[in-house]
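Working notes, structure below.
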2 protein chains.
Amino acid sequence: MAEGQAPASYRNENLLFLTDEQLRQGIEAMFFAYRGFTADPDRILSDMAYGRAHHRAVHFINRAPGTTVNNLLNILGVTKQSLNRVLRTLIEDGLVESRVGKADKRERHLYLTEEGRALEQTLSDAQRARMRMAFRDAGPDAVAGFRRVLEAMMDKEMRFAYTRLKDNTP
Amino acid sequence: MAEGQAPASYRNENLLFLTDEQLRQGIEAMFFAYRGFTADPDRILSDMAYGRAHHRAVHFINRAPGTTVNNLLNILGVTKQSLNRVLRTLIEDGLVESRVGKADKRERHLYLTEEGRALEQTLSDAQRARMRMAFRDAGPDAVAGFRRVLEAMMDKEMRFAYTRLKDNTP
DNA sequence: AGCATACGTCAGTCTTGTTGACATTCCAAG
DNA sequence: CTTGGAATGTCAACAAGACTGACGTATGCT
């Protein structure tokens with residue numbers, strides 16, 4: 001893509017010049033790609049009584065079993081009331097189990113049930129399939145660049161959360 | 001990043017192998033980065049009576065002045081009722097002008113007013129600033145990879161829309 | 001003349017975010 | 001030991017922004 005054209009950006013004395021047009025294309029790429037990114041799980045969820053918020057909760061509980069509500073709150077970046085509604089339905093439906101903390105009884109530790117793991121699997125299978133295709137199409141060097149840019153785009157606290165998750169599962 | 005570790009992916013006879021873990025990290029990177037991506041405009045908009053939906057409309061009207069409602073509908077991927085609510089407030093507030101089509105009087109062509117352009121500028125300045133930082137941090141090769149992966153992640157129709165926008169503004 | 005298209009609007013619902021108020025639990029200072 | 005503040009989680013009410021469905025109007029095309 002754009003192989004024979006002028007380079008989209010160039011270095012000069014270690015300084016990178018970027019036109020507004022290049023940046024705007026990056027912005028639009030992000031917008032359109034995120035739509036694709038969420039499309040497959042959204043389609044699956046729309047058949048059930050769940051939405052994207054449930055997907056996110058299930059994803060991160062699966063990723064860090066036993067996490068507390070507060071922990072999840074920080075990762076998801078929503079209010080506890082908003083998360084609670086989602087969590088309540090998931091618990092009622094038997095997808096998530098909430099255990100009172102041993103050391104601190106105020107805390108609730110969250111786990112996926114067998115059924116919860118099944119849903120997580122279905123959703124992440126779909127999402128991974130798209131990601132795999134995109135990674136294959138683009139090639140390993142592009143994937144490395146993709147990750148580097150995304151990490152640089154995160155808010156600092158989110159970069160911490162991301163790195164922590166990444167490193168806890170090697 | 002991950003310079004001294006095992007490669008995140010490798011080629012073998014032109015076939016790219018990707019572990020579920022690598023894909024999941026890509027998924028999480030996408031999630032956290034998108035939050036950062038929308039954070040700055042969202043902050044600005046929360047002070048006004050507008051939201052992310054208004055930002056998107058203003059962005060694409062600015063990008064393709066004179067675009068029709070139907071066109072915008074396809075780009076944004078929402079229903080006309082949903083877009084109409086947003087558009088109505090923008091027109092009432094004098095940020096967007098709607099002109100009856102000359103050739104086809106059924107169509108409405110959309111333009112930003114002076115005030116609309118000012119808002120667009122404010123929002124996109126903030127968003128571009130973050131994108132510029134990310135691009136600078138990551139470097140030009142990473143940026144190329146970033147774009148390649150995002151394009152591969154889009155739905156086909158959105159890739160068309162994206163490419164059309166991109167090529168119309170060289 | 002008749003059907004299709006583009007747009008606007010009204011009404012109702014759903015998801016997911018918000019604030020505010022409140023209950024429970026923990027901990028530390030008096 | 002008690003008590004008050006902080007942390008954690010729950011309930012209730014509301015708003016933004018998406019959706020569907022139905023309908024009306026103006027226009028275009030055959």
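Quick caveat: nothing in here was measured; it's all calculated off a predicted structure. Just so we're on the same page: letters track the sequence lines, and every chain starts at 1.
Here B/Thr79 reaches the OP1 or OP2 of D/dC19: one of its side-chain N or O atoms lies under 4.0 Å away.
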N/O donor-acceptor pairs under 3.5 Å from side chains in residues 69-79 of chain A, not counting sequence neighbours:
from	atom 1	to	atom 2	distance (Å)
A/Asn74	ND2	A/Asn70	O	3.4
A/Thr79	OG1	A/Ser82	N	3.3

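When side chains are defined from C-beta on, B/Leu119 does not count as touching B/Glu115, because their heavy atoms never get closer than 4.5 Å. When side chains are defined from C-beta on, A/Leu90 counts as touching A/His54, because their heavy atoms get closer than 4.5 Å.
Remark: B/Arg24 engages B/Glu21 in a salt bridge, criterion side-chain N to carboxylate O under 4.0 Å. Note on B/Arg117 versus B/Glu114: salt bridge recorded, some NZ/NE/NH1/NH2 to OD/OE distance being below 4.0 Å. A/Arg35 and B/Asp155 are not joined by a salt bridge, as no carboxylate oxygen comes within less than 4.0 angstrom of a charged side-chain nitrogen.
The stretch residues 40-55 of chain A participates, sequence neighbours left out, in these salt bridge (Lys or Arg N to Asp or Glu O under 4.0 Å) pairs: A/Asp40-A/Arg43, A/Asp40-A/Arg130, A/Asp42-A/Arg52.
Heavy atoms of B/Gly77 sit under 4.0 angstrom from primed sugar atoms or phosphate atoms, though from no base atom. Using a 4.0 Å heavy-atom distance criterion, B/His54 is classed as a sugar-phosphate-only contact. Among the heavy atoms of the strands, none lies under 4.0 Å from A/Ala57. Here B/His109 lies out of heavy-atom contact (under 4.0 Å) with every strand.
Shown here are the side chain to side chain donor-acceptor pair (under 3.5 Å) partners of A/Thr113, two or more places apart in sequence or in another chain: there are none. By the salt bridge (Lys or Arg N to Asp or Glu O under 4.0 Å) test, A/Arg106 is found to be paired with A/Asp104, residues two or more places apart in sequence or in another chain being considered. By the salt bridge (Lys or Arg N to Asp or Glu O under 4.0 Å) test, A/Glu92 pairs with no residue at all, sequence neighbours left out. With sequence neighbours left out, A/Arg88 forms a side chain to side chain donor-acceptor pair (under 3.5 Å) with no residue at all. Partners of A/Glu28 according to the salt bridge (Lys or Arg N to Asp or Glu O under 4.0 Å) rule, which considers only residues two or more places apart in sequence or in another chain, are B/Arg63.
Contacts of residues 65-73 of chain A with DNA chain C (heavy atom under 4.0 Å): none. For the segment residues 31-47 of chain B, no residue has any heavy atom less than 4.0 angstrom from an atom of DNA chain C. Contact check of residues 81-98 of chain A against DNA chain C (heavy atom, cut-off under 4.0 Å) returns A/Gln81, A/Ser82, A/Arg85.
For the atom pair B/Phe32 CZ and A/Arg159 CZ, the distance stands at 12.0 Å (nearest 0.5 Å).
No donor-acceptor pair closer than 3.5 Å links the side chain of B/Gln127 to the backbone N or O of B/Thr38.
Rounded to whole angstrom, the span from the CZ atom of A/Arg52 across to the C1' atom of D/dC19 amounts to 14 Å. Summarising the geometry, the separation between CG on A/Leu110 and C1' on D/dT8 is reported as 12 Å, rounded to the nearest angstrom.
Remark: DNA chain D takes part in the stems C:1-30 with D:1-30, each of 3 or more antiparallel Watson-Crick or G-U pairs, criterion distances under 3.5 Å.
Between B/His55 and B/His59, the ring planes lie perpendicular to each other; the angle is over 60°, past the 30° to 60° tilted range.
Between A/Leu110 and A/Ser98 the shortest heavy-atom distance is CD2-CB, 4.0 Å.
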- [ ] List the protein contact pattern of nucleotides 23-30 of chain D with one symbol per nucleotide (5' to 3'): B for base contact, S for sugar-phosphate-only contact, - for none; contact means a heavy-atom distance under 4.0 Å.
- [x] ---BBS--
